[in-house]
Protein chains: 2
Amino acid sequence: MNTVEKPLYSIKDISRLSGVSIATLSRYFNGQSIRKSNEDKIKEVLKETGYRPSIAARFMKGSSSGVIGLIVPEINHPFFSMIAEGIMQEARKNGQLVLCGSSEGSLEVEHQVIDRFSQSILDGLIYIPVAKAENIPALTSFRNLPLVITARRNIIPGVPHVYHDGEKGGYLSTRYLIQLGRRRIGFIASFWDPPCSNKELRSFSEQSASYTFSSIDRFRGYLKALQEENIPYDPDLVVVTGYGHQSGVDATASLIGRFTQCNGIIAMTQAVANGCTSQLKRQGYTIPQDISIILFDANESKADYTFTSIELHLHEMGQESVRKLNSLIQGERAEDTCLDVELCVRDTTVLLHKE
Amino acid sequence: MNTVEKPLYSIKDISRLSGVSIATLSRYFNGQSIRKSNEDKIKEVLKETGYRPSIAARFMKGSSSGVIGLIVPEINHPFFSMIAEGIMQEARKNGQLVLCGSSEGSLEVEHQVIDRFSQSILDGLIYIPVAKAENIPALTSFRNLPLVITARRNIIPGVPHVYHDGEKGGYLSTRYLIQLGRRRIGFIASFWDPPCSNKELRSFSEQSASYTFSSIDRFRGYLKALQEENIPYDPDLVVVTGYGHQSGVDATASLIGRFTQCNGIIAMTQAVANGCTSQLKRQGYTIPQDISIILFDANESKADYTFTSIELHLHEMGQESVRKLNSLIQGERAEDTCLDVELCVRDTTVLLHKE
DNA sequence: TTGTATGCGTTATCAT
DNA sequence: ATGATAACGCATACAA
């Protein structure tokens with residue numbers, strides 16, 4: 001390690017230049033009231049010097065550093081970067097900074113980052129896990145750091161989570177397609193690491209309330225909407241796949257290949273939905289007439305279609321995570337927050353034209 | 001400010017528990033050689049306690065903090081988040097952390113973030129400006145912090161920049177379209193804040209070597225390729241617009257509306273290109289037969305088409321920025337780096353079929 | 001309201 | 001190679 005530029009002025013310098021004691025200075029910087037004449041002198045010297053208190057020294061004294069941590073699986077992913085933008089914006093409003101680490105999609109890196117972070121100067125940590133439930137780091141890894149888990153639910157007991165209402169999203173999207181007269185609705189479930197086949201998805205979703213895959217939550221809503229309309233569940237309308245563009249292509253090909261009639265599709269992400277439309281067009285289907293599509297969290301302006309979508313309010317999710325973390329930092333208790341979702345009707349859904 | 005959880009153990013605790021002096025401990029943690037028996041004792045205590053040195057205290061003593069800063073105009077933008085991912089990955093490899101702030105596209109916020117950062121514990125800063133050249137913060141705002149500017153060139157004299165070869169990108173894309181028999185090539189230039197009209201673009205690009213808009217750099221390459229093939233420049237083939245999907249739609253409508261024949265288009269971003277294809281299809285053009293399209297920095301799997309593109313190696317740009325910054329931190333001098341670009345031929349370009 | 005003095009966890013300078 | 005101790009910049013208990 002080599003030496004590094006230090007701040008030009010310390011509080012001692014300011015004390016010397018202004019003739020005010022460092023104690024009074026400290027009080028001034030921490031918002032306590034001091035004598036007006038001193039305040040004026042200080043302000044003058046501050047203008048000249050551009051002095052700012054050192055975060056490091058402040059943190060070492062046991063005060064807060066004003067820095068919060070953020071761990072994301074991938075910063076280069078619209079889902080996470082949107083949350084990150086919300087986090088940074090809210091943090092900035094509170095005069096906080098964000099120490100940000102990517103797990104690079106890897107469990108090993110994630111642990112490494114958590115390890116580095118917990119030795120850092122953080123006031124608290126917002127953690128978007130890449131890990132599967134069984135691999136979640138022990139709570140002790142976080143060393144009493146105030147902790148909020150975002151974009152996932154039911155990961156670490158006793159820790160507040162901020163997530164969206166996946167079941168409602170599944171329900172709203174399915175119900176809307178049904179209202180459009182579409183009763184053969186494909187559901188393309190996405191997993192990083194699929195826990196079951198499409199045949200098993202239904203029983204898996206019923207037996208395992210403890211599992212917290214967003215696809216499963218949404219699938220529950222799908223089932224609920226079907227049931228309300230007495231539409232029989234058909235496992236051939238379900239595909240289990242991954243998260244990328246190619247997953248959408250493959251899933252759609254598989255769906256069509258089953259010779260199952262299908263006039264609606266629900267996809268988990270923009271990339272998958274793009275894969276869908278790409279494959280559907282290749283096979284001669286028209287969108288939205290033949291097959292209407294709804295996806296979760298449309299990334300506007302990044303796709304060729306303007307998709308009907310379930311909006312997840314990811315920016316708000318980021319902001320809420322910071323607010324919750326700050327409650328924790330101030331010693332308050334915090335509960336989970338389940339953010340609402342809403343249906344945004346756009347161009348990829350239309351009333352089924354009966355022939 | 002309220003009190004915060006502190007690290008469970010300090011170096012004194014470890015000294016007490018291991019019977020080794022804090023000086024020796026410090027040496028051990030800084031990689032100096034110590035007596036084997038001591039090393040063993042230390043390792044044992046470390047296992048039990050999970051102790052890690054405090055970054056804050058370390059930084060206060062004038063050593064490096066292992067934290068580098070990153071300022072981006074928007075983290076929720078594939079261009080910047082890809083660079084950020086590269087930065088975080090390279091930083092992690094070096095055991096460094098990244099303090100990340102978004103300027104939220106605003107000059108005011110950018111200054112605010114720079115101000116906060118410069119009082120922080122950073123070893124150095126990677127700065128992707130949102131500001132226009134005339135509004136770039138004074139170098140003193142950075143307080144002698146080692147500084148690298150990324151994704152822009154020629155912003156602050158004497159500071160190393162890392163950017164891509166925009167002129168080459170413009171040249172390669174144009175030349176390739178010409179090789180496909182397309183000599184009527186539309187160029188859709190994107191600006192946050194357009195400095196001139198499409199009529200003025202050419203003279204603007206010639207007179208103002210000092211201006212550093214990426215669209216202008218690419219436009220120079222466009223002109224160069226046209227010139228090589230003796231294709232006359234037609235300002236009606238140029239549109240000046242913004243960065244979003246709607247910009248692409250509008251620009252394309254404008255281009256077509258001029259009754260200019262056009263059989264190729266070069267777009268600056270994925271979003272703009274998507275706007276193009278959307279509008280072109282609406283007007284009955286086929287892609288790539290009628291009109292071939294090349295864009296810069298294709299965001300795979302986020303578009304309906306698989307676009308032919310100029311690849312910018314943004315991840316590498318992030319990594320290179322960190323490497324350069326670390327050279328600076330170690331007191332070495334650093335020059336600009338202009339990263340190469342390359343043409344990736346995919347599905348949106350095809351040989352013009354002469355009728 | 002103000003100033004003095006102490007300590008936070010670490011590194012660097014000594015002397016050993 | 002090791003250990004005692006003085007800084008580093010700041011916050012705070014305490015005395016004034």
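Throughout, protein chains are lettered first and strands after them, A, B, ... in sequence-line order, and every chain is numbered starting at 1.
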Return the nearest nucleotide to the side chain of [X]; candidates are [options].
X	options	answer
B:N38	D:dT2, D:dA11, C:dT11	D:dT2
B:S54	D:dG9, C:dT1, C:dG9	C:dG9
B:V20	C:dT10, C:dT1, D:dG3	D:dG3
A:Y51	D:dG3, D:dA11, D:dC10	D:dC10
B:A23	D:dC8, D:dA4, C:dT10	D:dA4

Might you confirm whether atom CD of B:E44 has over 12 heavy atoms from other residues, nucleotides or ligands at distances under 6.0 Å? no

Whole-Å distance separating the NZ atom of A:K12 from the C1' atom of C:dG3: 15 Å

Nearest-Å distance for atom pair CE/P, residues A:M60 and D:dA7: 15 Å

At 4.0 Å (heavy atoms only), tell me whether A:Y28 reaches a base, stays on the sugar-phosphate, or touches nothing. nothing

Just checking A:S26: base, sugar-phosphate only, or nothing, at a heavy-atom cut-off of under 4.0 Å? base

At what distance, to the nearest 0.5 angstrom, does CG of A:L125 lie from CG of A:L147? 5.5 Å

Check whether the side chain of A:R27 and the base of C:dG3 form a donor-acceptor pair under 3.5 Å. yes

Looking at D:dA7, does its base get a donor-acceptor pair with the side chain of B:K61 below 3.5 Å? yes

Do the side chain of B:S65 and the main chain of B:I121 share a donor and acceptor less than 3.5 angstrom apart? yes

Closer than 4.0 Å, any side-chain N/O of B:K36 to the OP1 or OP2 of D:dA1? no

